[in-house]
**Q** 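There's a structure below that I have some questions on.
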Amino acid sequence: MSSSIFLDSFQLIIALYLFYIAIRGDGSMYRFNNLSDEQVEQIRTPLRIWYAVSGCFAAADFAFSALRTSMFTETAAADGTVSLTQRFTVDALPFLNDYNFLSRASTVCTVLLVISLFGMVIWLIRTGKKKQ
């Protein structure tokens with residue numbers, strides 16, 4: 001199993017887990033030491049939405065990355081250059097046939113996912129400090 005396939009699979013697992021905790025709405029991802037039970041109940045719905053949106057970012061990242069990995073083959077030459085070989089095209093959505101677009105889209109989704117999760121942690125810390 002190549003590392004890119006492993007990373008794509010890991011992105012899918014993250015997306016599925018985020019959707020699972022968003023749908024379930026309970027568990028360790030909803031328990032915080034600095035918040036009372038009443039505060040946790042107040043933030044449950046925003047957290048579920050936040051987890052679902054983060055799951056969408058992770059799923060989109062998986063889709064762009066997996067498509068790029070399966071659509072293009074990178075071949076390194078002896079002189080240090082890398083050539084791309086396109087295995088297939090998506091005629092209905094021609095913008096998906098661009099390696100650079102897929103790379104940028106995957107990077108943007110990763111950045112949005114990280115910002116979303118860090119933003120959630122900061123929001124939870126500030127919420128805990130405000131309510132005390």
**Q** Taking CZ in Phe101 as the centre, count heavy atoms belonging to other residues, nucleotides or ligands within less than 6.0 Å. Is the count above 12?
**A** yes

**Q** How many angstroms lie between OG in Ser106 and CD in Gln11, if you round to the nearest 0.5 Å?
**A** 5.5 Å

**Q** Do Phe62 and Leu67 belong together in a cluster built from hydrophobic side chains that touch within less than 4.5 Å?
**A**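 No, Phe62 and Leu67 fall in different hydrophobic clusters.
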
**Q** Do Val108 and Leu113 belong together in a cluster built from hydrophobic side chains that touch within less than 4.5 Å?
**A** yes

**Q** Work out which heavy atom in Asp8 is nearest to a heavy atom in Ala66; give both atom names and the distance.
**A**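 That closest heavy-atom pairing would be OD2-CA, 3.4 Å.
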
**Q** Taking only residues two or more places apart in sequence, or in another chain, which ones meet Arg44 in a side chain to side chain donor-acceptor pair (under 3.5 Å)?
**A**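 Residues passing side chain to side chain donor-acceptor pair (under 3.5 Å) with Arg44: Glu41.
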
**Q** From Leu112 CG over to Cys56 SG, what is the distance, rounded to the nearest 0.5 angstrom?
**A**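 Nearest 0.5 Å value for the CG-SG distance: 11.5 Å.
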
**Q** CG/Leu7 to CG/Leu12 distance, rounded to the nearest 0.5 angstrom?
**A**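 Interatomic distance, Leu7 CG to Leu12 CG, rounded to 0.5 Å: 12.5 Å.
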
**Q** For Tyr99, is there any backbone N or O sitting under 3.5 Å from a side-chain donor or acceptor partner on Ser103?
**A**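 Side chain of Ser103 to backbone of Tyr99: a pair is present.
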
**Q** Look up atom CG in Leu117 and atom OH in Tyr51, then write down how far apart they are to the nearest 0.5 Å.
**A** 8.5 Å

**Q** Name the atoms and distances for all side-chain donor-acceptor pairs under 3.5 Å in residues 14-27, with sequence neighbours left out.
**A**
none

**Q** Out of curiosity, Asn97 CG to Asp91 CG, how far, rounded to the nearest 0.5 Å?
**A** 7.0 Å

**Q** Under a 4.5 Å side-chain heavy-atom rule over Ile, Leu, Val, Met, Phe, Trp and Tyr, are Phe10 and Phe57 clustered together?
**A** yes

**Q** Suppose the criterion is ring pair (Phe, Tyr, Trp, His ring centres under 6.0 Å): which pairs have a residue in residues 109-129, not counting sequence neighbours?
**A** Trp50-Trp123

**Q** Any non-hydrogen side-chain atom of Leu47 less than 4.5 Å from a side-chain atom of Leu124?
**A** yes

